[in-house]
There are 2 protein chains.
Amino acid sequence: MLSKKTRYALKALVVLGKNFGGVPIQISKIASEEHIPKKFLEQILLDLRNAGLLYSKKGSGGGYGLVKDPAEISVVQILRLTGGPVALLPCVSLNFYQKCDECDNEVTCGVRDVFVDVRDVTVKILSETSIADVIKREKNLIENYTQ
Amino acid sequence: MLSKKTRYALKALVVLGKNFGGVPIQISKIASEEHIPKKFLEQILLDLRNAGLLYSKKGSGGGYGLVKDPAEISVVQILRLTGGPVALLPCVSLNFYQKCDECDNEVTCGVRDVFVDVRDVTVKILSETSIADVIKREKNLIENYTQ
DNA sequence: TACAAAGCATATAGATTTAGTAGACTTTTT
DNA sequence: AAAAAGTCTACTAAATCTATATGCTTTGTA
């Protein structure tokens, strides 16, 4: 399962993505719109900023904005930045690999082999999907929903 | 990430699957072979037994065995039995669904939409893969490894 | 220049979950 | 009768996650 941190980050990036090119948006606005605890969101956006994904502006009229086009930001990148695991087993993770305590030789582990496949299809989807794509999906869903 | 409980369950079932049709295997044997804490494994196998997946026999010469053919037991079933989440978001889970706190209307949530796709491919793999398949994979891996 | 708006940074508390341990009991075999 | 092995419940310890608190810095504006 993704952590709340990861979820909140994705939600916030969608908001910022819709606003790409516009004036900065305040944390408090995103927090209230998306029902995210403000102080928690503060930390998260700070992380994303320190990772070079967002710019920030202090003082009155300040806030956050995307540095890059939302089409250039993949969902998988956000999971990794916010520590969210993509793989279902540590011994299968590309970015957060950890040796399996149980296995003598993980290369011949059948269970691991299955979850390598799961990881591959998951990473494929999440790396091919950008924040812009998420926004597009949302638009399509709203269209079909209100029909 | 899968819990240790789920991992241990899968490991144990592979051992029991290889032994399908033979005499029962003791917890302590599985525990020491697979480097799993014995008392913890005890609980896990008990759960699997109560779920009807294993039979048990007490007393000297007792132990555990599979009730069904390992080809009839899917990996996804084990994840669900041991509480392991398949979906990466609660609002996307088929068996452990929970409403999203943040979303006003989850039907039009773009983030959710992406993770529905991820869930679908994951469930497909894990429901098409049986314990027997895991054992087969292991055999293939060992063959290729020792070549 | 003062003040308010907004982000920056770190520390800490609280809650939840997970992993593992303990101990006493029951059944079965020898 | 004794030993082997599973059954059952409770508990503890550790880790992690979520959220809050506090004080600080920067920037815009009256």
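Note on naming: letters A, B, ... go to the chains in the order of the sequence lines (proteins, then strands), and numbering restarts at 1 for each one.
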*asked:* Return whichever of Leu41(A) or Ser60(A) has its heavy-atom-nearest nucleotide of DNA chain D closer to the 5' end.
replied: Leu41(A)
_If I compare all heavy atoms of Glu138(B) with all of Gly110(A), which pair ends up nearest, and what's the gap?_
OE1-N, 3.4 Å
*Please check if the distance between the ring centroids of Phe40(B) and Tyr8(B) is under 6.0 Å.*
yes
*Whole Å only: how far is the CD atom of Gln26(A) from the P atom of dT27(D)?*
16 Å
*Spacing between Asn50(B) atom CG and dG6(D) atom C1', to the nearest angstrom*: 11 Å
*asked:* Without decimals, in angstroms, what is the distance between Ile30(B) CD1 and dG6(D) C1'?
replied: 12 Å
*What's the closest nucleotide to the Lys39(A) side chain, out of dT20(D), dA24(C), dG28(D)?*
dT20(D)
*For dA19(D), take OP1 and OP2 only and decide whether either is under 4.0 Å from a side-chain N or O of Lys5(A).*
no
*Short side-chain N/O contact to dG20(C) OP1/OP2 from Tyr8(B), under 4.0 Å*: yes
*Identify, between Gly61(A) and Glu42(A), the residue whose nearest nucleotide on DNA chain D lies closer to the 5' end.*
Glu42(A)
*asked:* Regarding dT20(D), can its base be found pairing with the side chain of Gln43(A) as donor and acceptor, where the two atoms are less than 3.5 Å apart?
replied: yes
*Would you classify Lys4(B) as touching base, sugar-phosphate or nothing, given that sugar-phosphate means primed atoms plus P, OP1 and OP2, and contacts are heavy atoms under 4.0 Å?*
sugar-phosphate
*Which pair of non-hydrogen atoms, one from Lys38(A) and one from Ala31(A), has the smallest distance, and what is that distance?*
CA-CB, 3.8 Å
_For dC8(C) and Ser56(A) - does any side-chain N or O of the residue sit under 4.0 Å from the phosphate oxygens OP1/OP2?_
yes
*Verify the cluster assignment for Val15(B) and Leu89(A): are they in a single hydrophobic cluster under the rule of side-chain heavy atoms below 4.5 Å apart?*
yes
*Find the bend of the helix from dT1(C)-dA30(D) to dT30(C)-dA1(D) as the angle between its two terminal axes (five pairs each), to the nearest 10°.*
10°
*Figure out the CG/C1' separation between Asp47(B) and dG6(D), and round it to whole Å.*
14 Å
*Between atom CG in Asp101(B) and atom C1' in dC17(D), what is the gap in whole Å?*
14 Å
*Check whether Ile78(B) and Val123(B) end up in the same hydrophobic cluster, where Ile, Leu, Val, Met, Phe, Trp and Tyr are linked by side-chain heavy atoms less than 4.5 Å apart.*
yes
*How about Asn105(A) and Thr108(A): do any of their side-chain heavy atoms sit closer than 4.5 Å?*
yes
*Nearest of dC8(D), dC8(C), dG6(D) to any side-chain atom of Leu46(A)?*
dC8(C)
*Under 4.0 angstrom, heavy atoms only, what part of the nucleic acid is Ile27(B) near: base, sugar-phosphate, or nothing?*
sugar-phosphate
*May I ask you to decide if Cys91(A)'s main-chain N or O and Arg112(A)'s side chain share a donor-acceptor pair within less than 3.5 Å?*
yes
*Between dA9(C), dT21(C), dA6(C), which nucleotide gets closest to the side-chain atoms of Pro37(B)?*
dT21(C)
*asked:* Starting from Leu2(A), can I reach Val121(A) by hopping between I/L/V/M/F/W/Y residues whose side chains sit under 4.5 Å apart?
replied: yes
*Once you round it to whole Å, what is the distance between C1' of dT21(C) and CD1 of Ile44(B)?*
13 Å
*asked:* In this structure, how many angstroms lie between the C1' atom of dC8(C) and the NZ atom of Lys57(A), rounded?
replied: 17 Å
*Which nucleotide sits closest to the side chain of Lys58(A): dA19(D), dT27(D), dT21(C)?*
dT27(D)
*Does dC8(C) have OP1 or OP2 sitting under 4.0 Å from an N or O in the side chain of Arg49(A)?*
yes
*Between dA22(C) (P) and Lys38(B) (NZ): distance, integer Å*: 12 Å
